[in-house]
Novice: 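Mind looking over this structure? Questions follow.
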Amino acid sequence: MSRFDQLAPRDLFKALESASPSDTLPGTETLLDAVRFNEQGLLPAIAQQFDSGEVLMMAWMNRESLEETLATQRVCYYSRSRKKLWRKGETSGQQQQLKSAALDCDGDTLLLQVDQTGPACHTGRRSCFYLSVNEQQAAITSEPLIDPAALYGQK
């Protein structure tokens, strides 16, 4: 039992600010009870390639998709447009294998270190962040690795 186990979920992340690596933390279920999902029950999740640090994408997770990801080590998101779980790669084959997951200090954003198979973006690009913008102009910074029509089996 840790000194954090008796805290109300709303107080847990504030208390963790003073924690050290040697502290015994509460179990994952207790921690997930304290995660600050938004009004729709969703949490932003940033996927980053574990070995290069490349930011691949941002998507949403609900508690069920987060629990599945932690249990299976295969990343599962929540699709807002389809209103259902979205197992990354279920139609494209471009899966994400979880290497580690970390919550931010407020418990309202998740960073996933993943091993991405092929492109992460539905456009066929490695990363969803291929549109560079500055004060005067935008630029495309990468070409698709795979034609999106081929990626999703469209003719």
Side-chain angles (χ1 to χ4, degrees), residues 1-131 141-142 144-146 148 151-153:
M1 184 161 211
S2 80
R3 65 183 173 107
F4 303 103
D5 284 325
Q6 302 304 316
L7 295 172
R10 69 179 180 280
D11 299 327
L12 182 57
F13 281 95
K14 184 67 177 165
L16 289 172
E17 290 177 9
S18 64
S20 73
S22 62
D23 282 328
T24 301
L25 300 184
T28 300
E29 181 140 344
T30 300
L31 192 63
L32 293 183
D33 287 343
V35 167
R36 295 184 174 133
F37 293 95
N38 70 15
E39 302 80 34
Q40 293 80 40
L42 301 174
L43 179 72
I46 300 164
Q48 182 178 37
Q49 178 63 31
F50 82 100
D51 53 359
S52 69
E54 179 183 21
V55 176
L56 300 170
M57 60 181 281
M58 180 275 183
W60 296 94
M61 294 181 120
N62 63 9
R63 182 161 179 161
E64 182 181 4
S65 65
L66 178 51
E67 288 173 336
E68 179 176 316
T69 296
L70 295 174
T72 66
Q73 302 295 292
R74 181 174 168 203
V75 180
C76 176
Y77 297 106
Y78 180 81
S79 171
R80 295 178 302 163
S81 61
R82 291 176 270 173
K83 297 185 179 2
K84 67 177 195 168
L85 294 182
W86 162 39
R87 291 162 185 92
K88 182 72 174 150
E90 65 191 344
T91 55
S92 69
Q94 310 303 307
Q95 298 180 11
Q96 292 176 346
Q97 193 69 34
L98 183 67
K99 295 293 186 175
S100 67
L103 287 159
D104 75 337
C105 58
D106 296 320
D108 63 5
T109 304
L110 185 67
L111 177 62
L112 303 171
Q113 297 281 318
V114 303
D115 190 10
Q116 172 71 46
T117 303
C121 185
H122 74 281
T123 66
R125 290 175 173 85
R126 177 74 177 160
S127 170
C128 292
F129 297 98
Y130 62 87
L131 183 59
T141 60
S142 66
L145 301 173
I146 299 173
L151 190 61
Y152 295 99

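Hydrogens, waters and symmetry mates are skipped; everything else that's a heavy atom, side chains included, is used.
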Novice: Just do the side chain to side chain contact (heavy atoms under 4.5 Å, CB included) check on Leu12 and Leu31 with the steps written out, would you?
Specialist: CA-CA 8 Å; Leu12 182 57; Leu31 192 63; 3.8 Å; yes
Novice: A side-chain contact here means heavy atoms from C-beta on lying under 4.5 Å apart; do Leu25 and Thr30 qualify?
Specialist: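 Contact flag for Leu25/Thr30 side chains = no.
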Novice: Between Arg126 and Gly118 (side chain of the first, backbone of the second, donor and acceptor by atom type, cut-off under 3.5 Å), is there such a pair?
Specialist: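 Side chain of Arg126 to backbone of Gly118: a pair is present.
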Novice: SG of Cys121 to CE of Met57: how many Å apart, nearest 0.5 Å?
Specialist: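 Cys121 SG to Met57 CE: 8.5 Å, rounded to 0.5 Å.
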Novice: Can you list every ring pair (Phe, Tyr, Trp, His ring centres under 6.0 Å) pair that touches residues 75-97, not counting sequence neighbours?
Specialist: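 Counting only pairs at least two positions apart or across chains, the ring pair (Phe, Tyr, Trp, His ring centres under 6.0 Å) contacts touching residues 75-97 are Tyr77-Trp86.
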Novice: Looking at Arg36, I want to see if its CZ is surrounded by more than 12 non-hydrogen atoms of other residues, nucleotides or ligands under 6.0 Å.
Specialist: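 Yes, the 6.0 Å shell around CZ holds more than 12 heavy atoms from other groups.
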Novice: Return the minimal non-hydrogen interatomic distance between Ala47 and Gln96, and the atom names on each side.
Specialist: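 What the structure gives for the nearest pair is CB-NE2, 3.9 Å.
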Novice: Can you tell me if Asn62 and Ser65 form a side-chain donor-acceptor pair at under 3.5 Å?
Specialist: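 The criterion, which ignores hydrogens and geometry beyond distance, is satisfied for Ser65 and Asn62.
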Novice: Show the nearest heavy-atom pair for residues Glu67 and Leu32, with the distance to one decimal.
Specialist: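 Answer, listing the atom of Glu67 first, then Leu32: CG-CD1, 3.7 Å.
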Novice: Please say which of Leu7, Leu103, Asp108, Asp106 ends up in a side chain to side chain contact (heavy atoms under 4.5 Å, CB included) with Phe13.
Specialist: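 Checked Leu7, Leu103, Asp108, Asp106 against Phe13; only one passes side chain to side chain contact (heavy atoms under 4.5 Å, CB included): Leu103.
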Novice: Just by distance, do the side chain of Gln49 and the backbone of Leu56 share a donor-acceptor pair under 3.5 Å?
Specialist: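 Side chain of Gln49 to backbone of Leu56: no pair is present.
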Novice: For a 4.5 angstrom cut-off between non-hydrogen side-chain atoms, does Met58 reach Cys128?
Specialist: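 They are not in side-chain contact.
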Novice: So which heavy atom on Thr109 is nearest to which on Leu43, and how close?
Specialist: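 Shortest heavy-atom separation between Thr109 and Leu43 comes out as N-CD1, 3.6 Å.
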Novice: Write down the atom of Glu90, the atom of Arg74, and the distance for their closest heavy-atom approach.
Specialist: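 Nearest heavy atoms, Glu90 then Arg74: N-NH2, 3.7 Å.
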Novice: Can you tell me how far CD of Glu64 sits from CG of Leu85, rounded to the nearest 0.5 angstrom?
Specialist: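 Rounded to the nearest 0.5 Å, the CG-CD separation comes out at 4.5 Å.
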Novice: What I'd like to find out is whether the side chain of Lys88 reaches to under 4.5 Å of the side chain of Thr117, using heavy atoms alone.
Specialist: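 No, every pair of side-chain atoms sits at 4.5 Å or beyond.
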Novice: Quick test of your reading: applying ring pair (Phe, Tyr, Trp, His ring centres under 6.0 Å), list the pairs with at least one residue in residues 27-67, sequence neighbours left out, ordered by first then second residue.
Specialist: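 Of all non-adjacent pairs touching residues 27-67, none passes ring pair (Phe, Tyr, Trp, His ring centres under 6.0 Å).
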Novice: Of all heavy-atom pairs between Met61 and Cys76, which one has the smallest distance, and what is that distance?
Specialist: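 What the structure gives for the nearest pair is CE-O, 2.9 Å.
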Novice: Does CD belonging to Gln40 count more than 12 external heavy atoms closer than 6.0 Å?
Specialist: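 Above 12, so yes.
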Novice: Distance-only, no hydrogens or angles: does the Gln94 side chain make a donor-acceptor pair with backbone N or O of Gln116 under 3.5 Å?
Specialist: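 Judged by distance alone, no pair lies under 3.5 Å.
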Novice: Side-chain contact, heavy-atom cut-off 4.5 Å: Leu110 with Val35?
Specialist: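 Leu110 vs Val35: side chains apart.
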Novice: Considering non-hydrogen atoms only, spot the tightest contact between Asp5 and Pro26 and give its length.
Specialist: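 The pair with the smallest heavy-atom distance is OD1-CB, 3.1 Å.
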Novice: Checking Gln97 side chain against Gln73 main chain: does a donor-acceptor pair fall under 3.5 Å?
Specialist: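 Yes, Gln97 side chain to Gln73 backbone: donor-acceptor pair under 3.5 Å.
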Novice: Kindly compute the distance separating CG (Leu145) from OG (Ser127), expressed to the nearest 0.5 Å.
Specialist: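 Going from CG on Leu145 over to OG on Ser127, the span is 10.5 Å.
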Novice: Look only at the side chain of Glu54 and the backbone of Ser52, and say whether a donor-acceptor pair between them is shorter than 3.5 Å.
Specialist: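 No; judged by distance alone, with no hydrogens or angles, the pair does not exist.
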Novice: With rounding to the nearest 0.5 Å, note down the distance linking CZ in Phe4 to OG in Ser18.
Specialist: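 Going from CZ on Phe4 over to OG on Ser18, the span is 5.5 Å.
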Novice: Give the C-alpha distance, both sets of side-chain angles, the deciding distance and a yes or no for side chain to side chain contact (heavy atoms under 4.5 Å, CB included) between Asp33 and Arg63.
Specialist: CA-CA 9 Å; Asp33 287 343; Arg63 182 161 179 161; 2.6 Å; yes
Novice: Below 4.5 Å, heavy atoms only, C-beta onward: do Leu98 and Leu112 meet side chain to side chain?
Specialist: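 Yes; the side chains approach each other to less than 4.5 Å.
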